[in-house]
**Q** 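Handing you a structure now.
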There are 2 protein chains.
Amino acid sequence: MTHGSVEKNIPDILRGAGMRPTRQRVALAELLFAKGDRHLTAERLHEEAVGENVPVSLATVYNTLHQFTQAGLLREVAVEGAKTYFDTNTSNHYHFFCEQDGGILMDIQTDELFVQGLPEPPDGMAVSRVDVLVRLVEK
Amino acid sequence: MTHGSVEKNIPDILRGAGMRPTRQRVALAELLFAKGDRHLTAERLHEEAVGENVPVSLATVYNTLHQFTQAGLLREVAVEGAKTYFDTNTSNHYHFFCEQDGGILMDIQTDELFVQGLPEPPDGMAVSRVDVLVRLVEK
DNA sequence: ATTTGTGCAAATCGTTTGCATCTGA
DNA sequence: TCAGATGCAAACGATTTGCACAAAT
């Protein structure tokens with residue numbers, strides 16, 4: 001992970017996904033992928049970008065997050081009405097969620113938890129993904 | 001389930017939950033619980049009510065759905081940004097979801113599927129509920 | 001030069017709220 | 001009577017869109 005010839009720089013990753021490596025996209029990708037796994041809303045990423053002197057509009061943050069998701073660099077996590085979380089960990093895993101502080105998401109790796117006995121999907125349908133959300137409350 | 005002295009009529013159920021059995025609440029409860037397990041959005045229930053000559057405002061539908069949920073008569077299901085589904089099946093179970101036709105939810109009973117190896121929640125936290133959503137796509 | 005991305009502000013969607021009016025116990 | 005419920009319309013928050021301008025190849 002920390003060495004190896006497969007490593008690509010951000011502009012190359014973006015080009016590889018068919019996107020032009022514009023200032024904003026590169027800056028957002030750096031914010032997203034530089035610090036390990038993250039769970040962010042569009043709004044929070046926007047604040048973070050502005051805070052780091054990367055002036056970018058909220059609309060562009062939304063566009064970019066969706067483009068990254070389409071390119072397989074991010075994953076969307078549905079938690080509850082309104083706000084959408086984007087997860088930089090695109091591997092197969094599940095989540096803890098607590099309402100605390102406006103909603104915090106944490107990863108659960110699949111080697112800890114797994115789903116057993118997935119029933120046959122209805123005719124003509126195939127499973128695209130299984131989401132597991134473990135909701136937490138303060139004790 | 002179909003006989004027995006425990007059976008209550010809707011006004012009694014509402015009174016039992018500390019709600020006045022008003023026209024609108026009784027009518028909505030009838031729409032919700034008369035036809036077996038259902039997965040509805042507020043908007044769809046509102047359309048249905050208006051279609052059945054039960055003139056009720058959308059605001060009242062929202063109020064009522066939330067009150068029913070608080071009373072344990074309904075369960076909320078989070079699927080994706082924006083719209084919330086209300087499930088008349090409040091027992092422990094999971095869901096299939098397909099985007100088709102604006103989003104369809106189907107029950108999966110827990111005797112078919114279960115989650116294994118639930119990890120220890122973080123300190124001071126307790127599990128309140130485990131949601132499993134099996135996302136489907138057309139083959 | 002051409003194509004694609006960006007920013008702004010306005011538009012949209014689902015949902016909630018304030019408040020005057022009605023209604024059930 | 002009168003606390004509680006309803007309806008309307010306006011307010012709301014998150015997200016999307018239309019379009020003039022700017023930047024990348």
Side-chain angles (χ1 to χ4, degrees), chain A residues 9-29 31 39-50 53-71 73-74 76-86 99 102-103 105, chain B residues 9-29 31 39-50 53-71 73-74 76-86 99 102-103 105:
Chain A
N9 59 30
I10 286 177
D12 284 347
I13 293 172
L14 296 180
R15 269 185 282 264
M19 287 178 266
R20 286 186 186 171
T22 63
R23 298 185 197 311
Q24 293 83 334
R25 292 211 269 237
V26 173
L28 292 175
L31 287 172
H39 302 96
L40 293 168
T41 60
E43 188 130 5
R44 189 171 300 293
L45 179 59
H46 181 239
E47 286 165 11
E48 209 172 287
V50 171
N53 295 309
V54 179
V56 64
S57 74
L58 186 54
T60 297
V61 172
Y62 274 106
N63 287 337
T64 304
L65 287 171
H66 287 136
Q67 290 155 355
F68 285 7
T69 301
Q70 244 182 273
L73 302 172
L74 292 176
E76 277 182 60
V77 184
V79 175
E80 60 187 344
K83 67 183 56 168
T84 310
Y85 288 79
F86 291 86
E99 314 268 348
L105 271 182
Chain B
N9 60 29
I10 286 177
D12 284 348
I13 293 173
L14 296 180
R15 271 186 282 264
M19 287 179 266
R20 286 189 189 170
T22 63
R23 297 185 197 312
Q24 293 85 336
R25 292 211 269 238
V26 173
L28 292 175
L31 287 173
H39 302 95
L40 293 168
T41 60
E43 188 130 4
R44 189 170 301 292
L45 179 59
H46 181 240
E47 287 165 11
E48 207 172 288
V50 171
N53 295 310
V54 180
V56 63
S57 74
L58 186 53
T60 297
V61 171
Y62 274 105
N63 288 338
T64 304
L65 286 171
H66 287 136
Q67 291 154 356
F68 285 7
T69 301
Q70 244 181 274
L73 302 172
L74 291 175
E76 279 184 57
V77 184
V79 175
E80 60 187 345
K83 68 182 56 167
T84 309
Y85 288 78
F86 292 84
E99 314 268 347
L105 271 183

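By convention in this document, chain letters (A, B, ...) are assigned in the order of the sequence lines, proteins followed by strands, and residues within each chain are numbered from 1.
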**Q** OP1 or OP2 of dA25(C) less than 4.0 angstrom from a side-chain nitrogen or oxygen of R15(B), does that happen here?
**A** yes
**Q** Check every strand shown and say whether P55(B) touches a base, only sugar-phosphate, or nothing at a heavy-atom separation below 4.0 Å.
**A** sugar-phosphate
**Q** Please give, in whole Å, the distance from dT16(D) C1' to Q67(A) CD?
**A** 13 Å
**Q** Atom CG of L65(A) and atom P of dA14(D): how far apart are they, to the nearest Å?
**A** 15 Å
**Q** Nearest whole Å is fine: how far is dA5(D) C1' from F68(B) CZ?
**A** 13 Å
**Q** Check whether any side-chain N or O of H66(B) sits under 4.0 Å from OP1 or OP2 of dT15(C), and answer yes or no.
**A** no
**Q** Can you tell which of dT15(C), dT6(C), dA5(D) lies closest to the side chain of T22(A)?
**A** dT6(C)
**Q** For the CG atom of L65(B) and the CG atom of L28(B), what is their distance to the nearest 0.5 Å?
**A** 7.0 Å
**Q** At under 4.0 Å, does any side-chain N or O of Q24(A) touch on OP1 or OP2 of dG7(C)?
**A** yes
**Q** If you only use heavy atoms from C-beta on, which nucleotide in dT15(C), dG7(D), dG5(C) is closest to the side chain of L58(B)?
**A** dT15(C)
**Q** To the nearest Å, how far apart are L40(A) CG and dA14(D) P?
**A** 15 Å
**Q** Just the rounded figure in Å: distance from C1' of dG4(D) to CG of N63(B).
**A** 12 Å
**Q** Check this one for me: any side-chain N or O of R23(A) less than 4.0 Å away from OP1 or OP2 of dT6(C)?
**A** no
**Q** Measure the distance from CZ on R25(B) to P on dA25(C) and round it to the nearest whole Å.
**A** 10 Å
**Q** Got E43(A) and H46(A) here, is their nearest side-chain heavy-atom distance under 4.5 Å?
**A** no
**Q** Is any side-chain heavy atom of H66(B) closer than 4.5 Å to a side-chain heavy atom of F86(B)?
**A** yes
**Q** Under a 3.5 Å distance rule, please check whether R25(B) uses its side chain to pair with a backbone N or O of R20(B) as donor and acceptor.
**A** yes
**Q** So what does T41(B) hit on the nucleic acid, given a heavy-atom distance under 4.0 Å: a base, only sugar-phosphate, or nothing?
**A** nothing
**Q** At less than 4.0 Å, is any side-chain N or O atom of Y62(B) found next to OP1 or OP2 of dT15(C)? Yes or no.
**A** yes
**Q** I want to check one thing: is the phosphate of dG7(D), taken as OP1 and OP2, less than 4.0 Å away from some side-chain N or O of T60(B)?
**A** yes
**Q** Is the number of heavy atoms from other residues, nucleotides or ligands within 6.0 Å of CD (Q70(B)) greater than 12?
**A** no
**Q** Would you indicate which nucleotide in dA5(D), dA14(D), dG7(C) comes nearest to any side-chain atom of K83(A)?
**A** dA14(D)
**Q** Which sits closer to the 5' end of DNA chain C, M19(A) or Y85(B), going by the nucleotide each is nearest to?
**A** M19(A)
**Q** Would you indicate which nucleotide in dG5(C), dA14(D), dG14(C) comes nearest to any side-chain atom of E43(A)?
**A** dA14(D)
**Q** Look up atom CG in L45(A) and atom OG1 in T41(A), then write down how far apart they are to the nearest 0.5 Å.
**A** 8.0 Å
**Q** In terms of the nearest nucleotide of DNA chain D, which residue is placed more toward the 5' end: S57(B) or R20(B)?
**A** R20(B)
**Q** Does T84(A) place a side-chain N or O at less than 4.0 Å from the phosphate oxygens OP1/OP2 of dT15(D)?
**A** yes
**Q** Heavy atoms only, 4.0 Å cut-off, all strands: where does H46(B) land among base, sugar-phosphate and nothing?
**A** nothing
**Q** By nearest nucleotide on DNA chain C, pick out whichever of A59(B) and P21(B) is the more 5' one.
**A** A59(B)
